[in-house]
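Working notes for the structure below.
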Amino acid sequence: MDPGEGGSPAAPSTSVAAPGADADTREDAGKQVVVILVGPPGSGKSTFAEAVMAGAAAAGRPWARVCQDTIGKGKAGTKIQCLKAAADALKEGKSVLIDRCNLEREQRSDFVKLGCTVQADVHAVFLDLPAKVCISRSVSRTSHEGNVQGGMAAMVVNRMLKNKQAPLLTEGFSRITFCTDDDDIKKAVDMYSALGPSHSLASGVFGQKSKGPVQTGIMKFLKKADTSSVNKSSGTMVTSSERKTGQQNTTLKQENLEAGGACSMQVEKKLDNLKEKGEQSKERVSSDTSLCTLAFPSISTADFQFDLEKASEVIVDAATDFVQKHDNVRLVLVDLSQKSRILSLVKDKAAKKSFDSSRFFTFVGDITQLHSKGGLQCNVIANAANWRLKPGGGGVNAAIFNAAGEALQHATKECADTLRPGNSVAVPLPSTSPLHQQEGVTHVIHVLGPNMNPMRPDCLKNDYTKGCNVLREAYNSVFENFASIARSYPGKQNDETSSRKSASGVISPNDSKTKREGIDDSERTKKCKLLPSILTSQQHHERKGTNTLSYHDNSMGSSDAPNQAREEDNKKNGGVTNKTWGSWAQSLYEVAMHPEKYKNADSILEISDEFVVLKDLYPKAKRHVLVISRTDGLDSLADVKKVHLPLLRSLHSAGLKWAHKFLEEDASLTFRLGYHSVPSMRQLHLHVISQDFNSPSLKNKKHWNSFTSAFFLDSVDVMDDVDQHGSATINPDEKLLAMELRCHRCRSAHPNIPKLKSHIGACKSPFPSHLLKKDKLLSVSTGRTGCS
DNA sequence: GTTCTAGAAC
DNA sequence: GTTCTAGAAC
């Protein structure tokens with residue numbers, strides 16, 4: 001990093017500004033900074049603080065470190081001692097580093113106030129490392145100043161992380177730096193070490209990756225004297241000297257949005273009024289990162305010429321309905337023009353409805369520059385796409401593809417080839433995309449709405465009955481895709497945990513470890529090596545060319561042949577799936593098509609016209625069976641349409657029947673029924689799996705997360721989804737499988753699989769509240785069928 | 001889906 | 001030295 005960027009550092013200041021000194025004098029002397037570190041034990045706060053102090057000392061800059069772990073004569077002290085030490089240091093003209101966990105807003109608010117009182121810049125540096133890293137480090141250290149080490153450390157870290165609250169600008173910070181790995185931390189240390197008295201760092205939120213915003217140049221230095229040009233160039237900067245005036249409307253909007261109290265539609269009107277008075281109009285709107293936010297354009301009302309009045313009704317209905325059903329999400333309808341008629345119509349209609357208006361509002365701005373120009377942090381944006389999912393064509397589609405670069409085209413290609421009206425597809429935006437880097441957008445959801453323009457494909461010729469239905473389907477599809485993405489955001493999971501009911505009504509796993517292992521062992525001896533034999537059988541047929549399956553008419557006998565045929569079919573049908581399957585992934589398909597060949601194998605539990613029930617060859621729990629659909633052409637959930645709803649219900653009923661049977665044999669079990677978002681094996685299959693996860697075949701992170709993250713879609717939800725929207729909402733994000741290892745009951749984090757397994761063998765916490773709804777869990781105590 | 005294994009982490 | 005993960009191959 002070049003600390004001289006924007007001007008070389010000046011000589012260290014020796015003058016000390018009195019607390020009451022006016023701003024100009026203070027700026028001459030160099031602005032003091034209060035840096036509040038935020039992070040759990042093991043996140044490296046002390047290392048950070050020591051490195052910055054060393055850098056500052058070497059450069060002769062007056063900094064003080066206030067460390068709660070050592071403030072009591074080398075031992076841990078109190079918050080009050082820290083506050084006093086910080087106040088004293090500030091009086092002496094020093095900048096201050098607050099080295100304590102500060103994970104909750106309340107814990108850090110007094111330090112923020114202290115900084116504001118002496119008109120120092122107040123910064124947060126959030127050391128937001130993966131829980132497992134913090135736990136590993138804190139468990140293994142031996143001479144920690146605050147004695148958070150050894151076996152207790154994991155518990156302490158987990159408890160703290162459960163309640164962590166990411167810092168927000170509205171707390172009074174002028175700058176927040178997120179560090180999610182050691183590289184980020186090093187950069188932040190370098191930055192603060194090199195911070196000269198005549199420099200100040202840019203205001204805003206920097207380095208936040210997982211929740212949307214934004215890596216906007218963590219290394220950027222800005223000359224303090226030039227605040228006016230800062231505002232001109234970026235439109236989002238708010239320095240402390242401006243807070244009295246420029247931040248007025250920012251604060252107004254932030255408070256309203258975050259408190260969820262006042263109507264944000266009104267807030268926008270107030271903001272509009274301020275704009276009319278010539279005030280700064282491009283302030284940061286909300287730094288609330290606890291809400292996953294979707295920005296979406298009005299669908300079909302531009303080039304597709306859909307009636308605005310009717311469209312606005314659909315938007316308001318769909319959006320208000322959605323935010324009422326989902327926590328921790330926010331929807332923002334965006335249009336470029338201040339005079340947008342669709343925005344006014346939606347605002348008017350929304351004002352007449354009763355809902356939490358901080359979670360659905362309208363916004364004037366460019367959907368590709370919401371963060372950098374509008375200060376609105378959106379994790380996900382929707383794109384009014386064309387049916388070929390190609391760039392160009394003008395409007396929002398061209399703008400988004402332009403802004404996102406080639407990365408979006410490639411990522412889109414991997415997810416889908418075409419789109420039908422009323423459908424959407426969520427595309428994870430690679431981190432190489434400028435839209436990801438600069439605006440913090442992690443996903444683009446392409447959606448195709450109904451068309452009323454005779455010059456465009458699939459014109460509905462003013463059939464608004466159909467048109468409104470398709471438009472509603474389109475919005476529902478976008479919102480549900482968004483909900484799936486939101487579910488994978490870490491903050492959401494913490495919230496679910498914190499709202500967990502104390503009494504679950506679900507029986508805990510059997511206390512007797514010996515008994516459990518005994519059952520496992522007996523099952524292992526009975527295990528039939530069915531699947532490899534199927535593979536052998538199929539390969540044998542392929543070699544001999546005697547396979548009766550129609551796709552082997554292909555002269556090459558390639559196992560990819562059916563995929564090619566199906567890809568063609570998918571394209572013809574406008575479907576969005578085009579997955580190819582390796583030869584090893586065909587076993588279930590083979591069983592489903594020819595179960596009679598294997599009827600003597602003890603792995604097959606039941607065969608009907610619609611399904612086959614099969615013991616999983618590598619069970620990931622004491623009891624784990626698959627209910628495999630026998631419908632040819634249904635490879636996975638992505639292929640499921642409304643017409644398959646009766647089939648889904650049959651699979652579910654069969655799953656329930658077997659779960660009940662297993663519960664009769666072992667009343668300590670709890671079952672969950674569901675599908676993998678993206679299965680590894682071809683042929684739609686429902687997992688019926690006991691929640692003990694006590695199995696030697698559960699070996700890695702992917703196994704664990706495929707059954708305990710949002711990657712696992714509950715059968716009841718899938719049936720509802722298909723019933724309401726005509727298809728299942730799938731989040732294809734592979735990141736779900738790479739997430740850190742968390743207990744499926746108490747959500748505590750663990751550094752590796754063996755440690756996780758030893759924890760889940762003992763954890764008696766109730767299941768998270770979201771699993772207790774809709775009979776997603778089946779146990780003797782619930783005694784329910786799950787049929788609706 | 002699993003197995004194998006190099007190399008990272010401890 | 002041992003444990004554990006993650007990527008390649010099947």
Side-chain angles (χ1 to χ4, degrees), chain A residues 42 44 129-144 149-151 153-154 181-183 524 527-540 542-543 557-560 562-563 579-592 598 601 603 612 614-621 624-629 635-637 674-689 693 695-709 711-712 732 734-742 749-760:
Chain A
L129 272 62
K132 75 168 190 179
V133 172
C134 302
I135 291 170
S136 291
R137 285 181 187 169
S138 56
V139 167
S140 57
R141 63 193 176 186
T142 52
S143 55
H144 179 244
Q149 60 193 42
D181 55 35
D182 289 338
D183 194 42
R524 251 175 266 143
K527 201 181 288 168
C528 168
K529 297 281 179 191
L530 173 66
L531 298 187
S533 71
I534 294 168
L535 281 177
T536 311
S537 159
Q538 186 172 343
Q539 285 156 355
H540 174 78
E542 281 173 12
R543 274 195 298 274
S558 160
S559 61
D560 281 336
N563 296 315
K579 187 179 165 86
T580 52
W581 305 92
S583 56
W584 50 262
Q586 306 284 350
S587 312
L588 301 183
Y589 176 80
E590 175 68 8
V591 174
Y598 313 99
S603 287
V612 178
L614 175 75
K615 277 192 200 173
D616 197 305
L617 178 62
Y618 300 95
K620 304 301 183 292
H624 183 187
V625 301
L626 308 176
V627 185
I628 310 166
S629 152
D635 287 353
S636 73
L637 263 193
Y675 299 85
H676 282 158
S677 295
V678 184
S680 298
M681 305 288 281
R682 179 184 176 197
Q683 195 65 12
L684 181 71
H685 55 280
L686 171 73
H687 290 268
V688 179
I689 184 164
F693 295 111
S695 164
S697 295
L698 197 157
K699 292 177 176 170
N700 58 45
K701 188 179 262 190
K702 189 174 173 183
H703 291 154
W704 177 254
N705 284 330
S706 73
F707 289 101
T708 59
S709 74
F711 189 85
F712 190 81
E734 291 285 319
K735 282 186 196 139
L736 287 172
L737 297 175
M739 290 197 308
E740 58 192 0
L741 298 166
R742 284 187 177 274
H750 300 270
N752 55 48
I753 287 286
K755 292 209 165 65
L756 172 78
K757 287 179 106 173
S758 83
H759 168 83
I760 58 173

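We use all heavy atoms of the structure for the numbers below, so side chains are in, but hydrogens, waters and symmetry mates are not. Note on naming: letters A, B, ... go to the chains in the order of the sequence lines (proteins, then strands), and numbering restarts at 1 for each one. On a predicted model such as this, the values are computed, not experimentally measured, just so you know.
- In this pair, Y618(A) does not lay its aromatic ring on the base of dG1(B); centres under 5.5 Å and planes under 30 degrees do not both hold.
- Screening K132(A), K757(A), K701(A) for a side chain to side chain contact (heavy atoms under 4.5 Å, CB included) involving L741(A) leaves a single residue, K701(A).
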| Test side-chain contact (heavy atoms from CB on, under 4.5 Å) applied to S636(A) and R682(A), step by step | CA-CA 7 Å; S636(A) 73; R682(A) 179 184 176 197; over 6 Å; no
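- With hydrogens and angles disregarded, no donor-acceptor distance shorter than 3.5 Å links the side chain of S136(A) to the backbone of P751(A).
- By the side-chain contact (heavy atoms from CB on, under 4.5 Å) test, E740(A) pairs with P130(A), A131(A), R742(A), sequence neighbours left out.
- Across every non-hydrogen atom of Y675(A) and L637(A), the tightest pair is CB-CD1, 3.7 Å.
- Atom pair L698(A):CG and dG1(B):C1' shows a separation of 13 Å (rounding to whole Å applied).
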Can you pull every protein N or O that's under 3.5 Å from an N or O on nucleotides 5-7 of chain C?
residue	atom	partner	partner atom	Å
dT5(C)	OP1	I753(A)	N	2.9

| request: Before giving the answer on side-chain contact (heavy atoms from CB on, under 4.5 Å), spell out for V612(A) and Y598(A) the whole-Å C-alpha distance, their side-chain angles and the decisive distance to 0.1 Å. | output: CA-CA 11 Å; V612(A) 178; Y598(A) 313 99; over 6 Å; no
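- Whole-Å rounding puts the I135(A) CD1 to dC4(C) C1' distance at 17 Å.
- The backbone N or O of Q683(A) sits less than 3.5 Å from a side-chain atom of H685(A), completing a donor-acceptor pair.
- Looking only at side-chain heavy atoms (C-beta outward), L684(A) and I628(A) stay at 4.5 Å or farther from each other.
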| task | Starting at the 5' end of DNA chain C, write a dot or bracket for each base, bracketing those in Watson-Crick or G-U wobble pairs whose two distances are under 3.5 Å and using | for partners on another strand. | result | ||||||||||
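- Among the atoms of the strands shown, only primed sugar atoms or phosphate atoms (P, OP1, OP2) are found under 4.0 Å from some heavy atom of H676(A).
- Contacts of K620(A) classified as side-chain contact (heavy atoms from CB on, under 4.5 Å), with partners at least two apart in sequence or in another chain: Y618(A), H624(A), I689(A), S697(A), L698(A), H703(A), F707(A).
- Rounded to whole Å, the distance from CZ on R682(A) to P on dG1(B) is 16 Å.
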Please tabulate, one pair per line, each protein N/O and nucleotide N/O from nucleotides 8-10 of chain B that are separated by under 3.5 Å, including the distance.
none

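- Summarising the geometry, the separation between CG on D616(A) and P on dG1(B) is reported as 8 Å, rounded to the nearest angstrom.
- Contact of the L626(A) side chain with the L588(A) side chain is registered, since non-hydrogen atoms from C-beta on lie closer than 4.5 Å.
- Atom CG in D635(A) sits about 14 Å away from atom P in dG1(B), given to the nearest Å.
- A search for side-chain hydrogen bond (donor to acceptor under 3.5 Å, both in side chains) contacts involving S706(A) returns H676(A), not counting sequence neighbours.
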